[in-house]
Amino acid sequence: MAEAQAAPRKLPYVAAITDGVRQVLKEQENAFVIGEDVAGAGSVYGYYKGLLEEFGPERIYDTPISEEGIMGLGAGAAATGCRPIVDLMFMDFIGECMDEIANQLAKMRYMFGGHARLPVTVLTMAGAGASLAAQHSQSLEAWLCHVPGLKVVMPSTPYDAKGLIIAAARDDNPVFVVLNKTMLAMTGEVPEEAYEIPLGEANVVRTGRNYTIVATSRMVHEALKAAEQLKAFDIDAEVIDPRTLQPFDTGTVVASVKKTHRALVVHEAVRTGGLGAEIAACIQEEAFDYLDAPVARVGAPFSPVPFSPALEAHYVPNAERIVAEVRKQLGL
Amino acid sequence: MAEAQAAPRKLPYVAAITDGVRQVLKEQENAFVIGEDVAGAGSVYGYYKGLLEEFGPERIYDTPISEEGIMGLGAGAAATGCRPIVDLMFMDFIGECMDEIANQLAKMRYMFGGHARLPVTVLTMAGAGASLAAQHSQSLEAWLCHVPGLKVVMPSTPYDAKGLIIAAARDDNPVFVVLNKTMLAMTGEVPEEAYEIPLGEANVVRTGRNYTIVATSRMVHEALKAAEQLKAFDIDAEVIDPRTLQPFDTGTVVASVKKTHRALVVHEAVRTGGLGAEIAACIQEEAFDYLDAPVARVGAPFSPVPFSPALEAHYVPNAERIVAEVRKQLGL
Amino acid sequence: MTAQISDQTLLDLHHRMVRIRIFEETAGKLMEDGKIPGALHLYVGQEAVAAGVMVHLGNDDWITSTHRGHGHLIAKGGAFDRMFAELYGKATGYCKGKGGSMHICAMELGMLGANGIVGGGPPLAVGAAFSSRFRKTSNVACTFFGDGASNEGAFHEAANMAGLYKLPVVFVCENNGFGEYTAQANHQAIVDVADRAAGYGMPGVVVDGMDAVAVYEAAGEAIERARRGEGPTLLECKTYRFYDHVGVRGMGLSYRSDDEVARWKERDPIKLLEARLAEHEILSPDQARAVHDEVTREVEQAVAYAESSPLPEPDALLEDVYA
Amino acid sequence: MTAQISDQTLLDLHHRMVRIRIFEETAGKLMEDGKIPGALHLYVGQEAVAAGVMVHLGNDDWITSTHRGHGHLIAKGGAFDRMFAELYGKATGYCKGKGGSMHICAMELGMLGANGIVGGGPPLAVGAAFSSRFRKTSNVACTFFGDGASNEGAFHEAANMAGLYKLPVVFVCENNGFGEYTAQANHQAIVDVADRAAGYGMPGVVVDGMDAVAVYEAAGEAIERARRGEGPTLLECKTYRFYDHVGVRGMGLSYRSDDEVARWKERDPIKLLEARLAEHEILSPDQARAVHDEVTREVEQAVAYAESSPLPEPDALLEDVYA
Ligand SMILES: Cc1ncc(C[n+]2csc(CCOP(=O)(O)OP(=O)(O)O)c2C)c(N)n1
Ligand SMILES: Cc1ncc(C[n+]2csc(CCOP(=O)(O)OP(=O)(O)O)c2C)c(N)n1
Ligand SMILES: [Mg+2]
Ligand SMILES: [Mg+2]
């Protein structure tokens with residue numbers, strides 16, 4: 001540990017996930033991991049590797065390919081005293097268990113008059129850019145954020161991945177941790193000790209004077225690139241990563257916009273009906289008189305995710321598209 | 001018929017649905033109705049009553065309680081030459097078949113390079129206010145509008161119900177017709193003959209000078225009530241019913257706002273992450289310089305639908321809440 | 001077999017069944033009189049199933065219920081007053097009026113809620129059973145579901161997982177021959193839902209759901225098997241609902257013949273049990289009537305409690321969304 | 001039985017299997033060489049199933065496939081050049097490069113698409129079968145799915161509906177013993193997926209999936225039964241995939257022993273069929289080699305076609321979303 005503090009430890013995003021889950025299994029005796037190919041294989045992306053060996057088969061379970069059954073099991077186990085960590089291999093499969101999520105997990109506490117707790121942490125993999133086509137590339141967090149009773153986080157760095165997983169698992173509500181498959185190899189500082197990133201607190205990853213970019217997950221890094229390119233247009237952009245999408249830290253975003261007077265929201269999900277719409281609507285509601293221009297939005301176009309890399313390259317938002325949108329918005 | 005033209009026929013919303021479906025079954029030999037309790041019972045809300053007798057068991061089918069199977073059957077039958085009318089008894093059950101909807105029905109044409117057509121019309125019942133609690137009262141159209149490949153309509157009158165059902169069934173894409181259970185008894189003019197309400201065309205149900213209210217489904221009527229009450233504040237509100245939510249008639253809405261300079265969007269769905277956010281975001285993007293105030297939004301609060309009428313009365317948006325929101329927005 | 005069952009247990013079964021019957025008859029009237037809002041799915045006719053299973057369970061054993069859930073909660077020990085209060089949407093109800101009939105629950109009694117989603121219960125029960133074992137208890141879970149629900153994917157996935165993990169859960173199928181207005185023959189190509197058990201590696205048992213003692217015995221074996229760690233059982237109880245799918249007269253559709261209804265009513269589970277109790281001189285007709293009268297008084301008091309209870313305050317709307 | 005099968009049919013089976021094998025071996029190499037993007041699930045080892053079923057089908061008979069779909073499309077008559085072009089993401093592919101391996105389809109051949117969703121196929125096939133009957137054709141639908149997929153609710157609901165409506169559909173379960181890296185014993189408590197058939201009121205048949213003739217005969221009966229309007233069949237083919245779940249070496253996990261793989265490879269379906277063909281002097285080893293060489297040349301040409309084909313234009317991104 002002393003060493004670790006001396007030279008801060010660096011880990012890839014994939015290992016930070018493992019580290020966060022390991023921490024949870026250590027500190028919560030009623031926590032267990034359950035999902036498809038999570039135990040023997042350590043998940044198809046390997047982020048549970050080693051946990052079976054470390055914690056044994058009593059703490060991590062492979063399941064049949066039964067998303068409804070798995071999510072329902074998580075809800076039932078949570079309501080009766082456990083703290084399940086449920087793995088949904090790809091976020092694209094959420095439609096298979098959306099009833100268990102939206103009608104059971106999210107509503108049981110309320111329907112039961114507050115007489116139940118549902119401390120379920122769901123880890124799931126989103127994101128395009130890996131040539132996995134329309135059914136293995138989606139970012140569907142907007143569906144979840146529209147459902148009262150759920151919380152949603154999207155870590156954009158290894159540090160946040162570990163901290164948000166721990167915070168999610170310590171929370172007594174269902175929390176979805178939406179990961180991104182294209183960031184798994186990205187390395188960053190990840191302290192050895194347990195730490196929490198409080199749910200509902202945004203992170204100002206770059207401070208700026210005269211422009212606000214709100215970006216989630218992988219888009220945070222594209223936004224930072226865009227911010228560099230925007231200097232050429234006398235734009236000093238502040239980049240905000242909400243980290244938690246539900247509940248949303250409107251305060252931090254609005255305060256920034258009141259300072260910068262111009263804003264853009266970017267996410268990887270389809271632009272139409274994406275969470276960017278909610279964020280943009282909130283910004284203009286709460287900072288209308290401060291806005292010098294409409295709140296701009298960048299997201300995926302209105303189509304399924306194409307397989308061909310030649311098309312997918314035009315599908316996933318990036319720094320160039322952010323810059324282009326800002327220039328269009330400001331007529332630069 | 002001559003008579004009917006002389007004195008325009010009035011029908012309740014429920015009978016207008018039947019009339020629309022009847023028209024489709026008459027004009028499309030490959031159309032059939034399939035769903036839970038649609039044939040023998042004529043649906044639990046009775047809107048298929050008489051169709052079994054009129055068209056016979058070859059055109060209308062009761063199913064097991066198997067939403068995944070039903071929606072998948074619809075997609076498979078449509079891709080192979082039929083034009084199914086699929087009934088999803090309550091929109092709350094959409095989570096049971098969201099995979100078939102979002103990953104198969106919506107994406108097959110695109111994934112197949114355009115080599116398939118999916119002419120499926122889905123009728124489903126939304127809406128709170130009937131003391132049916134959290135799992136039989138939801139309006140989840142925002143989920144559907146975020147999925148490229150789907151179309152979504154929400155009829156607010158008997159006339160629109162028939163016209164939109166016919167237009168939906170004539171369209172070669174999956175179209176969701178989202179009905180509202182509290183409007184079933186509402187009567188209105190419904191011509192005998194077949195007519196279409198073109199998908200993607202909004203309806204200006206009340207013209208006004210200095211305020212725009214965009215309202216969907218049942219909220220159209222609350223908006224009209226609110227418009228009357230707003231006269232007292234020198235507000236002459238224009239009320240727009242998009243009728244089709246996907247594709248959305250942004251043009252009509254933006255043109256209105258450029259004229260009125262102030263806007264509010266109201267729907268029955270949960271406000272956070274609802275389609276109102278998308279509409280508000282679009283309005284400020286396209287009419288920013290014309291806006292005298294932020295685009296306001298009214299929707300359900302961030303909670304599941306409560307059972308107790310005492311609570312549900314505060315849950316469902318109404319004219320009073322619309323007026324209150326307008327006054328807050330304009331400081332009246 | 002029957003030798004095993006004590007007079008006391010027989011009286012217990014009878015009492016639970018009468019409690020369900022009178023509660024439901026009353027609730028049905030109150031709904032038709034417009035006093036209870038929303039939809040009620042009455043359990044009348046199926047009382048032997050809830051009673052026969054629940055007699056074996058303690059408050060730490062979990063059950064999941066259905067949209068037709070009053071009977072399950074009553075048999076599990078639910079209090080009439082808080083139940084009626086919930087049906088009335090009052091603040092004193094089991095769910096503070098937020099759940100109503102379709103979501104009524106009592107966690108302290110191990111009742112994991114009625115459920116408005118057909119097939120919603122089995123996965124939750126598998127989770128409760130998984131939890132019981134994970135937390136090293138000897139508790140079991142029983143999940144009640146209908147013939148119609150057995151066609152939901154959720155049932156299939158839950159049953160497969162229960163068989164795979166050998167979980168202490170009993171799948172109690174209340175086969176009343178209909179899913180809403182659709183007869184079993186029009187929703188599945190099988191007669192015995194229990195035939196599906198083999199596909200999950202669990203035993204399937206069919207029992208007369210109108211015979212409380214038969215249910216009691218079959219459920220006892222399945223529950224003991226589960227407690228011994230030998231895994232799940234699919235227990236199918238052939239039963240019938242005496243009233244419409246919703247409410248008493250409901251939509252007034254003719255989806256089943258009066259004859260059929262009459263024939264089943266001849267096998268009214270309470271009548272059958274009372275005949276047996278009289279025959280074995282365990283409970284005379286007069287004593288039986290006394291039980292009914294006693295329960296009727298209780299129900300009347302509970303209704304009065306519900307009617308005089310306060311409605312929830314508007315602030316309650318946004319409470320209990322999150323812990 | 002075997003008497004029924006003609007030499008010509010045997011040669012047809014062999015040719016389809018060799019086409020699949022060589023296509024897949026080549027695709028696997030190209031993927032490992034980084035020429036094919038995304039994920040490939042190779043069908044090598046399971047060729048007898050696709051061939052044995054597809055020989056009975058015409059272009060108006062529908063099939064639904066899985067993530068492991070190349071073999072199904074090839075056996076259904078898929079053209080190598082458009083298939084490789086699709087795997088390369090080229091505009092000349094079956095799906096204009098928009099679908100790739102996991103969504104490759106050919107509507108004109110009655111191939112309703114590979115599917116990235118496990119369990120996605122059965123409901124679609126039930127729809128195709130429903131459609132065939134509704135449109136008064138005598139066509140059937142065959143839906144291929146794995147042992148793992150048999151645990152999805154979608155399979156359950158589709159099978160129940162097929163049994164109920166007596167639809168002309170055959171449920172072909174390719175039981176290769178694993179769902180990804182999870183052995184069958186760890187995902188279901190049964191050995192024969194066919195045991196689930198009884199729960200849907202349809203016959204369940206188990207056949208050696210490495211024996212093309214056995215599959216041919218069992219599939220023939222099931223398909224004829226469906227065409228005669230006698231309803232669906234669940235046909236389970238015991239088979240094995242020779243390579244990893246994804247790609248050739250895949251994640252290099254040790255979830256199955258080399259022994260096990262070796263034992264199954266001894267029963268390589270192509271070797272078994274070629275031995276039989278030689279024995280009955282229908283196809284000599286030299287002639288067999290000639291078939292392989294011929295197919296190899298075809299594959300090489302197809303790869304060249306794919307590599308020289310144009311990528312889709314950016315405009316294509318927003319095309320084909322709506323009709
Ligand atoms: C997922 C879902 N689909 C449909 C319904 C509508 N519905 C409510 S009860 C019911 C019939 C259930 O039949 P069964 O399972 O046999 O229970 P029973 O009513 O006979 O007790 C249906 C279709 C629902 N509530 N949930
Ligand atoms: C709904 C869904 N859940 C999980 C996955 C991930 N996945 C892809 S293939 C596979 C294994 C499928 O096993 P099986 O059905 O036996 O087919 P096989 O791969 O053995 O041919 C899994 C779990 C998926 N694609 N879709
Ligand atoms: Mg029933
Ligand atoms: Mg398999």
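Naming: A, B, ... by sequence-line order, numbering from 1 per chain. These figures come from a predicted structure and were not determined experimentally.
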With a 3.5 Å cut-off and sequence neighbours excluded, list the donor-acceptor pairs that the side chains of residues 298-311 of chain B form with protein atoms.
residue  : atom : partner  : partner atom : Å
B:Ser308 : OG   : B:Ala310 : N            : 3.3
B:Ser308 : OG   : C:Gly89  : O            : 2.6

Query raised in the report: How many angstroms lie between CZ in B:Arg297 and SG in A:Cys282, if you round to the nearest 0.5 Å?
Result: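 Result: 5.0 Å between the selected atoms.
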Query raised in the report: When rounded to the nearest 0.5 angstrom, what distance separates CD in A:Gln104 from CD in B:Gln135?
Result: 5.0 Å
Requested in this report: Can you see which heavy atom on B:Cys145 is nearest to which on A:Thr272, and at what distance?
Outcome: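 Looking at all heavy atoms of both residues, the closest pair is O-CG2, 4.0 Å.
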Taking every heavy-atom pair that is under 4.5 Å apart, which of [options] has the most such pairs with chain A?
options                               : value
B:Ile101, B:Leu291, B:Ile283          : B:Leu291
B:Glu100, B:Arg271, B:Glu67           : B:Arg271
B:Gly273, B:Ala277, B:Pro294, B:Gly95 : B:Pro294

Query raised in the report: Looking only at atom types and distance, does a side-chain atom of A:His146 sit under 3.5 Å from a main-chain N or O of B:Leu140, one as donor and one as acceptor?
Result: no
Requested in this report: May I ask you to decide if B:Asp92's main-chain N or O and A:Asn103's side chain share a donor-acceptor pair within less than 3.5 Å?
Outcome: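 It does hold such a pair.
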Requested in this report: Return the option, out of A:Gly276, A:Gly274, A:Ala287, with the maximum number of heavy-atom pairs under 4.5 Å with chain B.
Outcome: A:Gly274
Side chain to side chain, [X] and [Y], heavy atoms closer than 4.5 Å:
X        : Y        : result
A:Gln284 : B:Phe288 : no
B:Glu68  : A:Glu68  : yes
B:Glu285 : A:Gln329 : no

Tell me, for [X] versus chain B, whether the close heavy atoms (under 4.5 Å) come from the side chain, the backbone, both or neither.
X        : answer
A:Val265 : neither
A:Glu286 : neither
A:Ala134 : both

Query raised in the report: Residues two or more places apart in sequence or in another chain: which of them pass side-chain contact (heavy atoms from CB on, under 4.5 Å) with A:Asp172?
Result: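 side-chain contact (heavy atoms from CB on, under 4.5 Å) list for A:Asp172, sorted by chain: A:Arg83, A:Arg117, A:Pro119, C:Ala323.
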